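Structure, as structure tokens:
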2 protein chains.
Amino acid sequence: MGATRDRADRADRADRDDRDGAAPAASRAAQRADEGAVDPDSPEGRGGAAAVLPAGPPGTGRPGLDQRRILGAAVELIDQGGLRELTMRSLGAHLGVEAMALYRYVPGRESLLDGVVEVVVDELYGDPDVYLEPRDGWQDYLARLAHGLRRIALAHPEVFPLVATRPPAAPWVRPPLRSLRWVESFLQAMTRSGFDDEAAVGAYRAFSSFLLGHLLLEVSQRGVPTGPLEDQQGPPASTDLSAYPELRRLRPQLSEDASAVEFEESLENLLERLERLLPPEHGR
Amino acid sequence: MGATRDRADRADRADRDDRDGAAPAASRAAQRADEGAVDPDSPEGRGGAAAVLPAGPPGTGRPGLDQRRILGAAVELIDQGGLRELTMRSLGAHLGVEAMALYRYVPGRESLLDGVVEVVVDELYGDPDVYLEPRDGWQDYLARLAHGLRRIALAHPEVFPLVATRPPAAPWVRPPLRSLRWVESFLQAMTRSGFDDEAAVGAYRAFSSFLLGHLLLEVSQRGVPTGPLEDQQGPPASTDLSAYPELRRLRPQLSEDASAVEFEESLENLLERLERLLPPEHGR
DNA sequence: ACCTGAACACCGTTCAAGT
DNA sequence: ACCTGAACACCGTTCAAGT
């Protein structure tokens with residue numbers, strides 16, 4: 001059970017990230033993209049933003065417009081002000097350009113949002129804790145993947161609903177993984193570990209559903225009125241719970257943010273459940 | 001284990017609903033609302049659309065504008081054409097009125113969407129399979145709740161992303177339940193069954209996360225290109241999977257829609273997991 | 001090759017005016 | 001009391017024109 005200890009370590013790291021503001025996380029992401037951490041020469045370039053968006057002209061120095069720069073700015077704007085603030089015009093202004101200039105690099109707002117989702121999910125490639133071949137067994141690999149996606153969700157809480165709800169391009173790329181390469185990597189890890197086809201696919205589905213539910217819930221919990229220490233004037237000013245005795249009684253527990261430990265526990269439970277799908281000779 | 005049989009029966013029913021078009025489901029929902037199935041005189045009227053939206057004038061016969069009629073029409077429009085099609089102007093036109101007339105009954109588009117979410121989730125009150133007091137134990141109750149929500153999600157696939165992602169009003173109403181009354185009912189069922197406070201709250205969180213993940217995934221799977229039997233011209237025309245051998249090999253399994261049985265299995269697993277939270281004297 | 005001005009169709013929303 | 005016309009500010013998007 002050495003893998004369990006590792007998972008706990010990574011949980012700690014995720015918790016530290018919890019208290020990051022969105023801004024530093026965003027700039028860290030932008031930095032990664034600038035460093036080319038997105039691994040440009042991977043299988044056919046598919047999986048990069050170029051898969052969704054047409055190619056756009058090659059990079060022309062720094063201040064020149066650029067598809068990567070546009071998508072990065074879009075992520076920044078959403079991180080700061082939510083999806084509502086992201087407008088073709090505001091995005092142009094943010095880049096020192098008129099809105100119409102963007103249409104040279106992006107077919108329209110919808111594709112822009114697809115690109116935003118792709119860029120954010122692709123941050124997984126830049127996560128050194130995730131982006132290495134499955135070594136210490138599938139459980140360790142899945143746990144690293146899950147924590148990586150959780151860090152992304154917490155770093156971009158305003159983007160994650162997009163990651164969760166944009167209609168997937170095909171039935172075999174499900175949110176929140178949403179990447180052919182990661183799905184391939186996931187399936188390889190499972191089949192190589194002894195899962196048969198059906199079990200591998202089932203594991204992929206269970207994993208996706210677990211992450212989607214947990215992360216969306218966690219992200220939606222942030223930004224709710226009774227947050228840290230906002231306007232504390234008069235009585236809690238919250239809704240009248242007099243008709244709901246159980247709710248009123250359990251309100252403190254319900255308001256607690258237990259998402260971090262719950263994530264660990266549910267993940268652990270999922271991994272145990274998946275282990276039971278292994279044919280007997282592969283038990284660890 | 002008698003409850004397991006009941007759950008399987010309800011699963012059959014959900015499967016029948018699976019193949020409904022969106023339109024009949026929508027009209028069935030509207031019918032329910034017209035019949036006043038939303039239970040008007042419940043604790044303080046809270047939980048009804050009036051909780052989110054200001055009261056609006058009392059009902060004035062049929063063709064007169066009305067908050068309930070507006071929300072129902074909005075749900076219909078989203079069911080038919082997706083969120084994009086729902087516009088204050090199109091909604092007005094659908095009701096035979098100019099857009100500006102709506103502002104007498106609805107503060108704005110955002111509140112309208114809140115009301116849409118509320119109306120759809122409140123269909124649970126009209127589901128005779130769900131809306132009865134916990135009788136046959138908490139497992140049966142939770143299973144009925146889960147299946148009821150699944151039916152709602154499948155009946156309104158275009159609305160469900162809203163149910164999943166609209167920021168909740170308080171930390172103790174989580175998607176997809178989103179209703180003080182149902183949360184109260186949930187917590188009562190659990191504590192009365194012997195769960196202590198912490199376990200009841202944990203169960204509520206696990207239940208929410210499970211439903212959110214599963215239903216959102218299932219709903220997003222619908223409306224994906226490789227659906228039933230759309231334009232079948234030339235080769236599958238799908239993305240080039242040559243660089244992803246495992247994906248290509250498992251594509252048939254990945255495209256299968258196993259959501260119904262997976263829902264049952266995961267639900268079963270969740271219930272078993274929750275049972276372990278019971279103090280020993282309450283084991284069934 | 002790259003960006004912009006001007007324009008179009010369409011939004012949400014306000015408010016004085018109609019009946 | 002209830003609805004509408006007209007208007008405003010702001011969208012996404014197109015395209016001919018500028019440099």
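To find a chain, count down the sequence lines: A is the first, B the second, and so on, and within it residues start at 1. A quick note: this is a predicted structure, and the numbers were derived from the prediction, not measured.
Rounded to an integer number of Å, the gap from B:R84 CZ to C:dC10 C1' is 11 Å. Between the OH atom of A:Y103 and the C1' atom of D:dC15 there is a distance of 13 Å, given to the nearest Å. Counting to the nearest Å, the P atom of C:dA1 and the CG atom of A:L102 are 20 Å from each other. For the pair A:E98 CD and D:dG12 P, the computed distance is 14 Å after rounding to whole Å. Nucleotide D:dC11 holds its C1' atom 9 Å from the CZ atom of A:R109, rounded to whole Å. Atom CG in B:L91 sits roughly 12 Å away from atom P in C:dT13 (whole-Å rounding). Put simply, CG on A:D66 is 18 Å from P on C:dA1, counting in whole angstrom units. A straight line from CG of A:L86 to P of D:dC11 spans 11 Å, rounded to a whole angstrom.
Close to D:dC2, at under 4.0 Å from its OP1 or OP2, lies no side-chain N or O of B:R104. Taking only side-chain nitrogens and oxygens, B:Y105 never comes nearer than 4.0 Å to OP1 or OP2 of D:dA1. Proximity of B:T87 to the phosphate of C:dC10: no side-chain N or O atom is located under 4.0 Å from OP1 or OP2.
Between A:S209 and A:Y204, the side chains place no donor N or O within less than 3.5 Å of an acceptor N or O (distance only, hydrogens not considered).
Side chain of A:A101, nearest nucleotide from C:dT4, D:dA7, D:dG5: C:dT4. Among the nucleotides C:dT14, D:dC11, C:dC11, the one closest to any side-chain atom of A:R89 is D:dC11. Considering only side-chain atoms of A:V97, the nucleotide from C:dT14, C:dT4, D:dT4 that sits closest is C:dT4.
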Would B:Y125 and B:S179 count as a side-chain hydrogen bond (donor to acceptor under 3.5 Å, both in side chains) here? Give the steps. CA-CA 11 Å; B:Y125 297 125; B:S179 151; 3.3 Å; yes

Assess whether salt bridge (Lys or Arg N to Asp or Glu O under 4.0 Å) is satisfied between B:E123 and B:R151, documenting all intermediate values. CA-CA 10 Å; B:E123 283 183 29; B:R151 280 191 290 271; over 6 Å; no

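Remark: C:dA17 base-pairs with no nucleotide in the shown strands. Criterion, Watson-Crick or G-U wobble with two distances under 3.5 Å. The partner of C:dC11, taking Watson-Crick or G-U wobble pairs whose two distances both stay under 3.5 Å, does not exist in any strand shown.
Nearer the 5' end of DNA chain C, as judged by each residue's closest nucleotide, is the contact made by A:A99, out of B:A99 and A:A99.
Residues A:R84 and A:E158 are not paired through a salt bridge, judged by the lack of any N-O separation under 4.0 Å between the basic side chain and the carboxylate. Between B:R166 and B:E118 there is no salt bridge, since no side-chain N of the basic residue sits under 4.0 Å from a carboxylate O of the acidic one.
At the heavy-atom level, B:M88 lies under 4.0 Å from the strands shown only through sugar-phosphate atoms.
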